[in-house]
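Only a predicted model underlies this, so the values are computations on that prediction, with no experimental measurement involved. The figures that follow rest on heavy atoms only: side chains count, while hydrogens, waters and symmetry mates do not. Here is how names work: the chains are called A, B, and so on, in the same order as the sequence lines, proteins then strands, and each is numbered from 1.
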Amino acid sequence: METEKIIVNQGEQRELRYDPRQIEEKWHARWQADPTLYAAEPHSSKRKKYYVLEMLPYPSGALHMGHVRNYSIGDALARYMWMQGYNVLHPMGWDAFGLPAENAAIKNKVPPKQWTLSNIAHMKSQMQRLGFAYDWSREVATCLPEYYRWNQWFFLKLYEKGLAYRKKSKVNWCPECATVLANEQVVSGCCWRHEETKVEQRELEQWFVRTTQYAEELLADIEKLEGWPEKVRTMQRNWIGRSEGALVDFALDGIDGPAGSKITVFTTRIDTIFGATSIQLAPEHPLVTDFIANDPHLHAKVEELVEEQRRAKESGDIGSIEKHGVFTGHYAVNPFNQEKVPIWVANYILMDYGTGAIMSVPAHDERDYEFAQKYGIEIRVVILPRRTEEPPAAGQKEEPVLPYTDKESLLINSGEFNGLSNQEAIEKMTAFAEQHGFGKKTVTFRLKDWGISRQRYWGTPIPMVHCAQCGVVPVPEDQLPVVLPENVDITLQGSSPLARMPEFVNVSCPKCGGPARRETDTMDTFVDSSWYFYRYTNPQLTDRPLDTPTVNYWFPIDQYIGGVEHAILHLIYSRFWTKFMRDIGIVKNDEPVVRLFTQGMVIKDGAKMSKNKGNVVSPDDMVARFGADSTRAYALFAAPPDRDLDWQEAGVEGVHRFLSRVYRFVMRNADVAGKSSGNALAADAGSVRAIQRKLHQTIRRVTDDFQGRWHFNTCIAAIMELVNALYGVEDEIAAGRFPTEVLADAQRSLVLLLAPFAPYLAAELWEVLGEKSNLLRQPWPQYDPALAKEDEIEYAIQLNGKLRSRIAVPAETPESTVQERALADEKVKASMDGKQVVKVIVIPGKLVNIVVK
RNA sequence: GCGAAAGUGGCGGAAUUGGCAGACGCACCAGACUUAGGAUCUGGCGGGUAAAACCGUGGGGGUUCGAGUCCCCCCUUUCGCACCA
């Protein structure tokens, strides 16, 4: 094509240069003008439903490439499912409460609400410019009272059911700011604003949600989540951390200890209790407070241990610090054998797991072993690996400690329990402890109740009132929402801004009418995101959070897509919330999400894109230079979506070049009627057949990937191959020798295949092909297996596994014939060099391996 | 320390079940068209060789007619968990 311009219909002149800006702005304007374009049909729809959801973003100011990737994956899927005829729900919203808005307010003197809403407006326009097919009529912003009033409503329900409660708990406190810090604001033990100032721990009354109530079910139902990545399921299992064991009481040895006291330990290995040669307490164990009261020396030592443990936790290397401890001078009595064992305080015992106290069995626990070695505590073997082995001589401990939990294990030195296996012993000894009232079977979880109080402004006010007469009183439902005041002074003044507003704080008690004080804590933003996807089904409801029949139609979510960083907290809280909603009868599903997809990170120059590293690529910049289609298609082409993606600008150019080729081809050949006078002139039936075959193979590959592994990179590569093949026959097309209907069909299918990946270009070319319909309502192309089939198959001929020749035979050639042809091949004969054929292996459709000797 | 994933040309990545390693794209090289081209089109492109042979999927062993793919040992990277009793 020498000329840059070409005459098409009615002599209209069109540039052959692909200009994404012009095309995308044209369609953007049209799509903006039709808000119903991507709207889901009501739940009375006859179509099968499909709910595809991407994790809602925090409105930080601008989209980053991670967002673009996430939404490009979801949008491709949504568009594909639309074309498959589903009633697709594809909504978007904003996780709009949170700390950055307050920081921005302090820094720039902009009210958090204003800052947040203007960010939302900007990011929404970015999303729209990128062409994501969202149903904006369902948009949700969690910072608006229409939304957060339902957080408050849920909170009241939780409170009603005893699942929300108050408890003293530690918070991070910066003495310089005189304020509470979120965990993320603590940088290696110091305040993020005052790098020299150590963060202190303060005890405050805070609100908790009893997630542990559902611990068993949250764990058990992980088994049902077959559409979730195994990695996420494992992470959740570990996070919940269920552990079966026993609580055993050790009485304090009389005279020295506080009267009647006992120490309850948690153990999973009650079978080793005869080997317990000390008790170890966490430094913060309440009993330790009693012990140190009259012992300044011990007091000082314990303080050290507490400090050491705190530091290790902060720096993250708890687990590798050297074990230390101090003997308290007190003893406890092992209830199984009445033996006196010393009580120690040790830095490797955690107060927030189990009971904060353990029985130490150095012979069968590595940590206890290490400790006992260091302090010369007796190491007593009470279990052996096999029934045949002799007990080792007393005190000898050459081998590293082994837990011996197999069936062949054998208890020794354990009184009446000698001779039992580990499993039998656990059962019998637990029962024994229960009978004698000094122990019981128990299950502990690593999962903790969820502390939702934040001493912050920009969040959902907790709808509670503190009355001097009535105590804690919930705000009545009909008085919701408790609106977050806006004329607020966000400066650092040592208390939550809300607590400094008398007009907010001073209320009358809903119960007695007397003067009362409003709760000034706000909710953790994970509350907002725990149920937002239900609200999408009916966001405009004003009298209840959701409409149950509508939710029952849409739920569970068919496909949820987001970053793996939410694998634990967000996804556990969401699962908890769903179970709670089910139990108060407003939804019927047990789990919110059927299939979960976690996409990889966007990397540049070997590191995750971040402002700190200065390797951020701006989506706006990419859209301006290459267009939304190229940017999106590249995000899908550069790597499979579950892997990390290395952003290379040259790659974007490559995709842009590919889309240009598509554009030029269709522009040149859209007007097929003038290109060919029909089949009669087709000179080369082979090339026609080849195009058909390639087309149907491509449809098959792309369709299979949407149904299966989502390797959109190979989908796009397949479409590239198709386009390359079409370029290969362009001379024949130009010469009028290519059948009209084959060409027309190929072009239509090509545009349809491209629609999920490059929606703007697809829409434009669909119109160029003379189509008026909405592409999303256009059926996805079907492949014809007969047309996709190869007519001729090339066999690789190997000699002892090494490639020696190739032969082409018609498809369906019997194996015996293939074998004959292979043995008759000249190159094969030459390489055989007179050797004997031992065996011939024919793999149908692939290769022949001739084994010679 | 424990667990998971990964390691393939100069680069991003293909190779769905053991069957022709390197699809597709980038970069690069050559040619065509051009006053020109950072446009477009055509061809080439793992190493090696004149051409073959031969060597090549982190390293070492093994199973097999045949291994990137399966098994064993080791190395590296990334992620998650980390004194959980």
Where RNA chain B forms stems, i.e. three or more consecutive Watson-Crick or G-U pairs with both distances under 3.5 Å | B:1-7 with B:75-81, B:10-12 with B:24-26, B:28-32 with B:40-44, B:58-62 with B:70-74
Looking at every strand, decide which applies to A:G241 at a 4.0 Å heavy-atom threshold: base, sugar-phosphate, or nothing.
-> nothing
Would a line drawn from the ring center of A:Y375 to the ring center of A:W344 be shorter than 6.0 Å?
-> yes
Carboxylate-amine/guanidinium proximity below 4.0 Å for A:E230 and A:R233 | yes
Looking across every strand, which nucleic acid part, if any, lies under 4.0 Å from A:Q280 by heavy atom: base, sugar-phosphate, or nothing?
-> nothing
Once each nucleotide of nucleotides 8-15 of chain B is scored for protein heavy atoms under 4.0 Å, what B/S/- sequence comes out, 5' to 3'?
-> ---SBSSS
Have a look at B:G7 and give me syn or anti from its glycosidic angle (syn if within 90° of zero).
-> anti
Is the distance from OP1 or OP2 of B:C55 to the nearest side-chain N or O of A:K802 less than 4.0 Å?
-> yes
Ignoring hydrogens and angles, state whether a donor on the side chain of A:E732 or A:S687 is under 3.5 Å from an acceptor on the partner side chain.
-> yes
A:R661 side chain to A:V723 main-chain N or O, any donor-acceptor pair under 3.5 Å?
-> no
How is A:D368 classified with respect to the nucleic acid when contacts are heavy atoms under 4.0 Å: base, sugar-phosphate, or nothing?
-> nothing
Check the pair A:F658, A:F665 against ring pair (Phe, Tyr, Trp, His ring centres under 6.0 Å), reporting the backbone distance first and the verdict last.
-> CA-CA 11 Å; A:F658 159 64; A:F665 184 87; over 10 Å; no
Determine: side-chain N/O of A:R657 to OP1/OP2 of B:A27, distance under 4.0 Å, yes or no.
-> yes
So does A:D705 pair up with A:R701, basic N to acidic O under 4.0 Å?
-> no
Between B:U42, B:C65, B:A23, which one does the side chain of A:E721 approach most closely?
-> B:A23
For A:S360 and B:A85, is the shortest distance between a side-chain N/O and OP1 or OP2 below 4.0 Å?
-> no
So what does A:E794 hit on the nucleic acid, given a heavy-atom distance under 4.0 Å: a base, only sugar-phosphate, or nothing?
-> base
Side chain to side chain contact (heavy atoms under 4.5 Å, CB included), paired with A:I850, selected from A:V838, A:I797, A:D825 = A:I797
Examine distances only and state if a side-chain atom of A:E649 and a backbone atom of A:M622 form a donor-acceptor pair shorter than 3.5 Å.
-> no
